[in-house]
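Have a look at the structure below, then the notes.
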Amino acid sequence: MQLRERLDHRFAQQHMSDLVDGTLSARRRRRIERHADVCPECRPLRRALVRLVGELSKLRDPPPAQPTIAPTVVERVRGCPEAAGARPKRSCS
Amino acid sequence: MRLHADRLYAVVIRFGAPGGEAEEIVQETFVRAWRAIGRFKGESQFFTWLYRIAINEAKRHMTRRAAQLERVASDDMALESIGDRAPSPQLRAEHQDLRAALERAVRALPMDYRIPLVLRDIEGLSTAQAAAVMQLREPAFKSRLHRARLAVREAMEDYLDVEDQA
Ligand SMILES: [Zn+2]
């Protein structure tokens, strides 16, 4: 491997997440893309990170079985006399 | 506010707190937030702070349970080894589903790496917001996020590293 390729490889390995997140300048993006197209390590890395980030975003919806705790929280905050000077309606404990 | 409470609950659960404790953490966070609400200028500053309090609370709870639950001694060491803790072939058969495997891989990450991944990739916070929650500079945050993704990728190799169909 030539020096240039080694440097591109190292750069790509370090910044592949930035590529996936779209936070690189056009020039840096082209540098990684060109390298990843032909590198046997960086190509699968790019593919895997794109998939991974896509799959992780799908975890955002909590499983349906999860209980909703919002009402309890709202009740407790409303009932707390220290809450922003609100007049207490019930015990804070 | 209801929406934020449920979101925060989901996040705290992902940080490893069991249901009852997570509920306690979120309630505590909101009570503290309510008391301090006047100090915040904008909504975004307020929610950054809300996440930060919840994370610190969750960490505190987790540290108390550290002996059984978390290997906190060395994040680097633990990060290298999350591949080893990926499901065995038999276990994998029980957890065929990608979502379950992914949840397991995320849970196996040490806290300092799990937090950036949860905030950015699962909760969808921007890099700037998530870095602010963690009180890190963006480059440091990005580097941690990248390492977390690499560790999850390694643990999920069989699921993610497959050639594109077509
Ligand atoms: Zn490469």
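As the structure is a computational prediction, the values presented were derived from the model and not from experiment. Side chains included, hydrogens not; waters and symmetry mates left out as well; all remaining heavy atoms used. Quick note on labels: first sequence line is chain A, next is B, and so on, each numbered from 1.
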Legend entry - Residue-level contacts of residues 122-133 of chain B with chain A, using a heavy-atom cutoff under 4.5 Å: B:Ile122, B:Glu123
Legend entry - Rounded distance (nearest 0.5 Å) linking atom CG of A:Leu49 with atom CG of B:Leu150: 6.0 Å
Legend entry - Atom CZ of B:Arg52: over 12 foreign heavy atoms under 6.0 Å: yes
Inset, instruction - Would you check if A:Thr23 and B:Lys142 make a side-chain contact, meaning some heavy-atom pair closer than 4.5 Å? - result: yes
Inset, instruction - Using a 4.5 Å cut-off on heavy atoms from C-beta on, say whether the side chain of B:Asp121 contacts that of A:Leu59. - result: no
Legend entry - Atom group of A:Leu52 that falls short of 4.5 Å from chain B, counting heavy atoms: both
Legend entry - side-chain contact (heavy atoms from CB on, under 4.5 Å) between A:Lys58 and B:Leu102, intermediate numbers included: CA-CA 10 Å; A:Lys58 293 184 201 159; B:Leu102 200 52; over 6 Å; no
Inset, instruction - State, yes or no, whether a side-chain contact exists between B:Arg153 and A:Pro44 at a heavy-atom distance under 4.5 Å. - result: yes
Inset, instruction - Please flag which part of B:Arg32 lies under 4.5 Å from any non-hydrogen atom of chain A: side chain, backbone, both or neither. - result: neither
Legend entry - CZ-CE distance between A:Arg51 and B:Met156, expressed to the nearest 0.5 angstrom: 11.0 Å
Inset, instruction - Side-chain contact test, heavy atoms from C-beta onward, threshold under 4.5 Å: evaluate it for B:His146 versus A:Gln13 and give yes or no. - result: no
Legend entry - Distance, nearest 0.5 Å, that separates CG of A:Asp21 from CZ of B:Arg120: 4.5 Å
